[in-house]
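The structure appears below as structure tokens.
Just the heavy atoms: all of them, side chains too, but no hydrogens, waters or symmetry mates, feed the values below.
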Amino acid sequence: MTTETMKDVTIIGGGIGGLTLALFLHQNNISCRVYEAVPTIKAIGAGINLLPHAVKELDSLGLLEGLDRVGIRTKDASYFNQYGQHIYTEAAGMDAGYLWPQFSIHRGDLHEVLLDAVIERLGPESVVTGYRCTGVEQDDDTVTAHFVDGEGNALPPVTSKVAVGADGIKSVLRKQFYPDEGEPVYSGYTIWRGVTPYKPFLSGANTIRAGWMPVGKIMVYPIRNNIDDEGNQLMNWVVTQERPRPKVLDWNKPANLEDFFAPFENWHFDWLDVPDLLKKTERPLIFPMVDRDPLPTWTFGRATLLGDAAHPMYPRGSNGAGQSIIDARVMTERFCEMGVGPDALQAYDVERVKKTGEVVLMNRKNPPDTILREVYERTGGKPFENVHDVISEDELDEIVNRYKRVAGFHQQQLAAE
């Protein structure tokens, strides 16, 4: 690695947000380098949905072909009660009239598309692994990030005009800025997730949500097509149940089927056999559903936060990755307008802190799966004869459209942009 020339921006964290920022900066001739704590970047996690407002940004970076190669263009999203009774279906992506698609994709595949693009466009030296940040210090003109290796040995510090903490929910920079903040806020819900080969269901590109918390809730959608000779898709599922706060907030921890299976053992629907899907998953994972309270600011001088380091949110609106992608575009725009420095970071801060804070709070109170809550509470968890005797079509439309407006991906909003 060469260090003779100081970069404009030091990006701390090589996840989705950090890599997207690197691509936007490079596109606008702003020099940067990404520093990632792990020694080897590997595909981790499970499926995510990339909503049209995020795909719009990635399309502007020329990544649509790469996304099509590894993901599935989502056609629709459906809601069912725990008896498999249909409540509501909305079209998604271009099927809903957007100018950009929605993608259901493995997080690891998305990360690989971004990483490959960064390496190709910025060069292999643009991503440095095995560098764990311990904090930053700054003067009037520069900011210096300090690093250690996997054994805690000091590595050469890195000086630049600006440092961006894109280092996730356990962000070192956030901890430096807010040392007394404490642990992430536990929701009262625990999530289990997994991926497994399975036959297509419904439209073959549908995201379904079924049930509700007291009786178990599940979300299922395909994230890869034609993965074998039998026509199977790689199916992603997410189970949510009420649980006491775990002693340790651990992500990507292996789980046992019996820990979460019982509520779903009789969910044999005409369109999907839920217990069969869960039983066929070889390695389910467990993680607590947490977020953090919105902050008044992410920016201190020449250092700021981005993505989950800035605004971790519940995974209930398919918005975490999307908001980090938008962060990257907005920050780059402010650099182009105002130069790479504190003024641009403050302008980025003013725009994004408020908007993402609203999404964090909406994900707590009224995300799209509020539809399931409303039906469950109004029926007392019993089957219905006609869903519109329980909740009107207008009410259902308003729930999903209200979330789209707050999160910034309503059709009218994107069309206006």
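Interatomic distance, CH2 of Trp192 versus OG1 of Thr240, reported as 8.5 Å (0.5 Å rounding). For the atom pair CZ (Arg352) and CG (Leu305), the distance works out to 13.5 Å, reported to the nearest 0.5 Å. Distance check, rounded to the nearest 0.5 Å: OG1 of Thr332 to CZ of Phe24 gives 6.5 Å. Rounding to the nearest 0.5 Å gives a distance of 15.5 Å between CG of Asn153 and CZ of Phe147. Atom-to-atom distance recorded for Leu345:CG and Thr304:OG1 is 5.5 Å, nearest 0.5 angstrom. Between Leu278 atom CG and Thr196 atom OG1 the span is 9.5 Å, to the nearest 0.5 Å.
Between Arg33 and Glu125 there is a side-chain heavy-atom pair separated by less than 4.5 Å.
Using a 3.5 Å distance cut-off with no hydrogens or angles, the side chains of Asn401 and Asp397 do not pair a donor with an acceptor. Looking at Asp349 and Trp298, their side chains never bring a donor and an acceptor atom within 3.5 Å of each other. In summary, the side chains of Asp327 and His311 do present a donor paired with an acceptor at a separation below 3.5 Å, with no hydrogens or angles considered. Side-chain contact, Asn206 with Ser78: a donor N or O sits under 3.5 Å from an acceptor N or O. Arg334 and Gln346 are not linked by any side-chain donor-acceptor pair at a separation below 3.5 angstrom, with hydrogens and angles left out of the test. Counting only N and O atoms by type, the side chains of Asp116 and His111 include no donor and acceptor under 3.5 Å apart.
Ion pairing of Lys354 with Glu358 is present here, as a side-chain N (NZ or NE/NH1/NH2) and a carboxylate O approach within less than 4.0 Å. Looking at Glu181 and Arg292, a side-chain N of the basic residue comes within less than 4.0 Å of a carboxylate O on the acidic one, giving a salt bridge. Note on Asp369 versus Arg373: no salt bridge recorded, every NZ/NE/NH1/NH2 to OD/OE distance being 4.0 Å or above. With respect to Arg132 and Asp149, no salt bridge is recorded, no charged nitrogen being found less than 4.0 Å from a carboxylate O.
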- Start with the C-alpha distance between Tyr314 and Ser187, add both sets of side-chain angles, then the distance that settles side chain to side chain contact (heavy atoms under 4.5 Å, CB included), and finish with yes or no. CA-CA 8 Å; Tyr314 296 161; Ser187 63; 3.2 Å; yes

- Task: Could you give me the CA-CA distance, side-chain angles and deciding distance for Trp237 and Phe260, then say whether ring-ring contact (aromatic ring centres under 6.0 Å, His included) is met?
- Result: CA-CA 13 Å; Trp237 57 261; Phe260 61 89; 5.4 Å; yes

- List the steps, then state whether side-chain hydrogen bond (donor to acceptor under 3.5 Å, both in side chains) holds for Ser203 with Asp76. CA-CA 8 Å; Ser203 70; Asp76 43 15; 2.9 Å; yes

- Query: After noting the C-alpha distance and the side-chain angles of Ser31 and Asp8, does the key distance pass the side-chain hydrogen bond (donor to acceptor under 3.5 Å, both in side chains) rule?
  - Reply: CA-CA 5 Å; Ser31 63; Asp8 291 320; 3.1 Å; yes

- Go through the steps to decide whether Ile218 and Trp267 satisfy the test side chain to side chain contact (heavy atoms under 4.5 Å, CB included), and finish with yes or no. CA-CA 11 Å; Ile218 190 168; Trp267 288 27; 3.8 Å; yes

- Task: May I have the step-by-step check of side chain to side chain contact (heavy atoms under 4.5 Å, CB included) for Val55 and Phe103, ending in yes or no?
- Result: CA-CA 8 Å; Val55 177; Phe103 279 99; 3.8 Å; yes

- Message: What verdict does the side chain to side chain contact (heavy atoms under 4.5 Å, CB included) test give for Met313 and Leu361, after you've listed the backbone C-alpha separation in whole Å, the side-chain angles of each residue and the deciding distance to 0.1 Å?
- Response: CA-CA 8 Å; Met313 58 187 65; Leu361 297 178; over 6 Å; no

- Message: I'd like to know whether Tyr98 forms a ring-ring contact (aromatic ring centres under 6.0 Å, His included) with Trp100, so could you lay out the CA-CA distance, the side-chain angles of the two residues, the decisive distance to 0.1 Å, and finally the verdict.
- Response: CA-CA 5 Å; Tyr98 287 97; Trp100 295 272; 8.5 Å; no

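With hydrogens and angles disregarded, a donor-acceptor distance shorter than 3.5 Å links the side chain of His268 to the backbone of Glu265. Put simply, the side chain of Asn49 never gets that close to the backbone of Leu51: no donor and acceptor are under 3.5 Å apart. Of the possible donor and acceptor atoms, one in the side chain of Glu36 sits under 3.5 Å from a partner among the backbone N and O of Gly14. Remark: the backbone N or O of Pro284 is not paired with any side-chain donor or acceptor of Arg193 at under 3.5 angstrom. Within the 3.5 Å criterion, the main-chain N or O of His388 finds no donor-acceptor partner in the side chain of Ser392. A distance-only check finds a donor-acceptor pair linking the side chain of Tyr221 to the backbone of Ile48 [under 3.5 Å]. A donor-acceptor pair is defined here as one N or O able to donate and one able to accept, closer than 3.5 Å; no such pair exists between the side chain of Glu374 and the backbone of Ile391. Judged purely by atom type and a 3.5 angstrom limit, Tyr88 has no side-chain atom pairing as donor or acceptor with the backbone of Leu372. Between the Gln233 side chain and the Gly204 main chain, a donor and an acceptor come within less than 3.5 Å of each other.
Classified by interplanar angle (parallel below 30°, tilted 30° to 60°, perpendicular above 60°), the ring pair Tyr178/Phe300 is perpendicular.
Applying the side-chain contact (heavy atoms from CB on, under 4.5 Å) test between Phe335 and each of Asn28, Val340, Val330 identifies Val340 as the sole match. With Thr20 as reference, Leu114 is the one residue of Leu306, Leu25, Leu114 to meet the side-chain contact (heavy atoms from CB on, under 4.5 Å) rule.
Taking all atoms of both residues into account, the shortest heavy-atom contact from Tyr189 to Met213 is CE2-CG, 3.4 Å.
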